[in-house]
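To start, the structure under review is shown below, and the notes come after it.
So you know, we letter chains A, B, ... as the sequences are listed, proteins then strands, and number each from 1. Predicted model only: the values in this text are computed from it and were never measured. These values consider heavy atoms only, across backbone and side chains, with no hydrogens, waters or symmetry-generated copies.
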Protein chains: 6
Amino acid sequence: MTTRRPTQLRPVTIEPFPSAAPGSVLISAGNTRVACTAGVSRELPPWLAPKPGEAPKQGWVTAEYAMLPASTPQRKKRGADSRATEIQRLIGRALRAAIDLNKMPGVTLNIDCDVICADGGTRTAAITGGYVALALALRHARKLGWIERDPIVGPVAAVSVGVIDGIVRLDLDYALDVAAEVDLNVAMTHRGQFVEVQGTAEHRPFSRKQLDAMLTLATSGIRKLMAIQRRALR
Amino acid sequence: MTTRRPTQLRPVTIEPFPSAAPGSVLISAGNTRVACTAGVSRELPPWLAPKPGEAPKQGWVTAEYAMLPASTPQRKKRGADSRATEIQRLIGRALRAAIDLNKMPGVTLNIDCDVICADGGTRTAAITGGYVALALALRHARKLGWIERDPIVGPVAAVSVGVIDGIVRLDLDYALDVAAEVDLNVAMTHRGQFVEVQGTAEHRPFSRKQLDAMLTLATSGIRKLMAIQRRALR
Amino acid sequence: MTTRRPTQLRPVTIEPFPSAAPGSVLISAGNTRVACTAGVSRELPPWLAPKPGEAPKQGWVTAEYAMLPASTPQRKKRGADSRATEIQRLIGRALRAAIDLNKMPGVTLNIDCDVICADGGTRTAAITGGYVALALALRHARKLGWIERDPIVGPVAAVSVGVIDGIVRLDLDYALDVAAEVDLNVAMTHRGQFVEVQGTAEHRPFSRKQLDAMLTLATSGIRKLMAIQRRALR
Amino acid sequence: MTTRRPTQLRPVTIEPFPSAAPGSVLISAGNTRVACTAGVSRELPPWLAPKPGEAPKQGWVTAEYAMLPASTPQRKKRGADSRATEIQRLIGRALRAAIDLNKMPGVTLNIDCDVICADGGTRTAAITGGYVALALALRHARKLGWIERDPIVGPVAAVSVGVIDGIVRLDLDYALDVAAEVDLNVAMTHRGQFVEVQGTAEHRPFSRKQLDAMLTLATSGIRKLMAIQRRALR
Amino acid sequence: MTTRRPTQLRPVTIEPFPSAAPGSVLISAGNTRVACTAGVSRELPPWLAPKPGEAPKQGWVTAEYAMLPASTPQRKKRGADSRATEIQRLIGRALRAAIDLNKMPGVTLNIDCDVICADGGTRTAAITGGYVALALALRHARKLGWIERDPIVGPVAAVSVGVIDGIVRLDLDYALDVAAEVDLNVAMTHRGQFVEVQGTAEHRPFSRKQLDAMLTLATSGIRKLMAIQRRALR
Amino acid sequence: MTTRRPTQLRPVTIEPFPSAAPGSVLISAGNTRVACTAGVSRELPPWLAPKPGEAPKQGWVTAEYAMLPASTPQRKKRGADSRATEIQRLIGRALRAAIDLNKMPGVTLNIDCDVICADGGTRTAAITGGYVALALALRHARKLGWIERDPIVGPVAAVSVGVIDGIVRLDLDYALDVAAEVDLNVAMTHRGQFVEVQGTAEHRPFSRKQLDAMLTLATSGIRKLMAIQRRALR
């Protein structure tokens, strides 16, 4: 277990990760480690592809989430599962909220979040680190001249909160997550507004009051994560 | 579009649906129609199966969600997609919150939610109707003598809320959903406690104040849905 | 079991079914219930697609058959199986026989037959109901101006016949089907001509004389089904 | 095209085929060539497997049908398709009619029909040749002592008939099949009784009179095929 | 087991095989039998397809390898497996070495190697027989006028060698292959140069000296195979 | 391109990699980086599983190879492809040669090789790094008491060699690999014996003399890699 105070984040770092992608960072939160890599391409998904002769009107951001087999003590089989599908849809929505898609016409950002070590909070780490990778890949796209104006609306970061033994706690590791009565993942912008709120009663339903306390704690945690993002992007 | 007041539900009915399953209802919310069917079996999923010679300690509730090809104006291809995967995980978690799994050892409840006509709010209708199907299937399991004590902790129902043109609205149909800046799905118990809260900023992030207003409106809507569930179960 | 006379159909109804497809009916034959829905699109299958610059010469009719999980007392798993594959090929061939494909150039009719409750005779009910859905969808296509001339050659309906304990019987329900020595599915036009004849010896081979008796009984049953089709299309 | 008389079979041979299976023949009908191989195993399909401690009550016959890529002038892609699925279900049913499954408890016969050259009539050739392979494999199973009594009820053979330009013809090759208004596949026992009758109107529906003429012609053709089967089994 | 001398090939024949492909032979090596068929098409794989308006610069050779279910004493399930994947990549590379792809712009050669009876050495037989099928298909393509100049650089053939009980042996059948300490597959040109060398220590690693002896023996065996290829192509 | 001398390895390091697996290293060879992780389990593959009541007689080593999407400049799609299938079979065979499987009855070693950055030589790096991960995982298995005697026969390492512009070169990076006329991958034991030799003529066949030169150069390179392995295991 942990000796952190309930309102404290685990130690978080965002470092360069040596892949071949233009945006490539490793985010660590305690023992959780997620490689977040971002590339750009000029292929839009079919439902956004312009008609022949027309110019594209917008861009797209897509995300994939996977766990390396060695990321969990018991080896994780390769291949998509329903949990990963749910998580990568969450990551994609959260990161699209950081972007004005109209300012990157014809450009797709591919974010890959590969979990190297899983100790709770991998989906929120993927969002927080994924934003940094995305921002780096956009710098690359601007250098290539694919994008004229900066499409970033503002940073997005995410954290988990929960209730364990009646106490509201920030940034659950695996042991806390298993013990939690409620698990809430929150993604926010730098202005303190929500882009995703996903709360699940794991063992028993939660009250409006508990929800309020969790939202307040998540807000404070995300502010700290955004400072770490800013440093990584300097 | 709709002439409903922002705080009003669409007309909701829960009727018997003539399938072969012991719990089988059709829930309609405006033009949205979802067949919710529930059956019981004595096969546990592998991760809950007891060792040979041991008695099972708990039961399980599993849910599947699918859309009939004719449920949307443009024909929907058959087969699972990532949206359906995310939705059926939500339905399963919400319905498990209605049940004390320890009171149905060795029994699995299978809930199937098949969308017959989709006009917004299919996932929340599936939860609200799915609870009724589940309760009917449990009555059947008790008649069979598979379950001794009633495992129901209390009803669960769900509704969507959103913000359209700055106004908080209850129970979004498809036209409202497309126009919504925020889309929040809420599942609650009869005691007014949350089992799932899933909010997504579709176009722009939402404030704490908007979230609060949406949660309040969802709570009032769910109370009405629970009255309709009670009537269906009488 | 049944107290019907061997030459009697089960009670059959064809009613509107509230989906989003332009042709949408529910056919009931005793406890068997199949939702038959039909839509039109302007996408031809690849092998009929005209070369760029050329006009399409014909249209197409395609059918899919599936069973809802709750359609059988023991839950039916989702996903195609070899029985469904064989059945939907039969339905497609039978319904194409009702149509002059040259009179609907560039238009595809998609028929979906989703079994809601299965008590024998689902494939023949799907053909009989599918024809009605198809005819309704063609009216829609003509309103849209996609088709100029009515492509319908004439109605098609289908019924099963069999031999049980040496007696030739019409319209087998599940209990009869299990007991049958022979199972024959017949699809016919309104002129009393065959479009499909599929007979299978389930337990012992059948004589030419038995086949003749079954064909005669099927012909009389199909005439009654066509009267019900006509009423549904009025 | 062909200069055969309408009532004449193509030249048919059934020869040994050098595979590793105990029953292994190559059937040729004109240019059509199908390798029919049969093996025996002591694994029953799951739905027939006896409970632990109980003896199996019956056996099973299963069939697979596939086309080699080089069997058609335009290369055929590998892998199952819906046509093959429908055909192998037909072959399996027809061959099971040749066998008393209760006389081969616990034994499965696997028949594989691999089309080497396709010029019409592959499914009926597969049944006719498959019966010979099956009979050879049963001799092997009796030598192994797996089966005590001969489970063969009698031979089964099959042929196609059709109507081309109003004329009823036996044993359609590809050119005739394409031109046919009706295509009827018939499988029979040595006593002149039917095990499968599958007739399809390809371009226009067919009358009872045409069906009668086709059944009579098929019966005469199958008698000749059974003489060839007998010689192959001597 | 075998009474062949260690330096002797099994009896090898290459005969016409009656499929619908322009190049179609059956190669036998002892009891091993592989149908090698080759066709030509004017569809290039996507990564070689020229841009619209441009002429193709080269052609392609692709190979597939599969085993018929009856090719092994214990029935082989249909469908690709990892061993087949590895083998067909080897066959494709070896056969491409026989061809100047620049001399067949826009043409794809599809080689299919279907194992009819497997008694060791199927992959090398597939290369040796595949070359003959490929050469026959190219003659066909030249008759069609699809290819102007002969793209064949020279023949390619292959053989296996191994070490059994310390003795270097040519052309391993199944019994020898199972007993082998080393298994080496070698594909060569008519000039005695290597196009593929694949050696695997099955039970214990092998020395440089053993490798040298195996390469020498393989070279002599391949010379004999090329004489058989030449005869088959006359 | 590179300024290395033809007989020189790229800079190679083997460092700890922070996953959850007991054996977990990152091997770098120039810009190529592969995470090699190894775990142990007590589940044997089906074909080695002992009968009920019997003790297992041997263990197993299995390997998987995959590339992270960001490992190549153009994003690599997730999911197995035929190249990966061929490579992971090579890795598995090479690593099994390092082990006496009879000394680890009932234990399976799972090696995962995940390419983080691909600049040529990923499969040989996977073998060299995979051996170190395997050795670390075996130490763990011995601590758990699952294995009594050390099953390691000796280290295995691998390197690529090739011919570029007629010059034999060691350890090809991507630019050299693309230019190579021949590509040879060699895996050896510490006693200088071969466990795998895989040579492919990429553009033109290679002579016996070239093969000899490549084998000699590979042998010297592997000796250096084994020194790096030893240091990593100290």
Top contributor to chain B contacts, counting heavy-atom pairs under 4.5 Å, from Met188(A), Arg83(A), Gln210(A): Arg83(A)
Asp81(A) with Lys76(A): basic N within carboxylate O range, under 4.0 Å: yes
Aromatic plane relationship, Trp47(A) with Trp60(A) - under 30° parallel, 30 to 60° tilted, over 60° perpendicular: perpendicular
Gln229(A) side chain to Val156(A) backbone, donor-acceptor under 3.5 Å: yes
Close side-chain approach of Lys103(B) and Ile147(B), heavy atoms under 4.5 Å: no
Top contributor to chain A interface from Gln193(B), Glu202(B), Gln198(B) [non-hydrogen pairs under 4.5 Å]: Gln193(B)
Test item: Arg208(B) side-chain N/O and Asp212(A) main-chain N/O as donor-acceptor pair under 3.5 Å: yes
Side chain, backbone, both or neither of Ser207(B) within contact of chain A (heavy atoms, under 4.5 Å): both
Contact origin within Leu184(A) toward chain B - heavy atom pairs under 4.5 Å: neither
Exercise: do Tyr65(A) and Arg89(A) side chains pair donor with acceptor under 3.5 Å: no
Heavy-atom closest pair, residues Thr32(A) and Ala125(A): CG2-CB, 4.4 Å
Toward chain A, the part of Leu90(B) with a non-hydrogen atom under 4.5 Å: neither
Arg204(B) versus chain A, the contacting section by heavy-atom distance below 4.5 Å: neither
Residue among Arg93(A), Gln88(A), Arg191(A), Arg96(A) with most heavy-atom pairs under 4.5 Å to chain B: Arg93(A)
Contact winner vs chain A - Ala201(B), Gly199(B), Ala187(B), heavy-atom pairs under 4.5 Å: Gly199(B)
Residue Thr200(B) versus chain A: region with a heavy atom under 4.5 Å: both
Contacting region of Thr189(A) [heavy-atom separation from chain B under 4.5 Å]: side chain
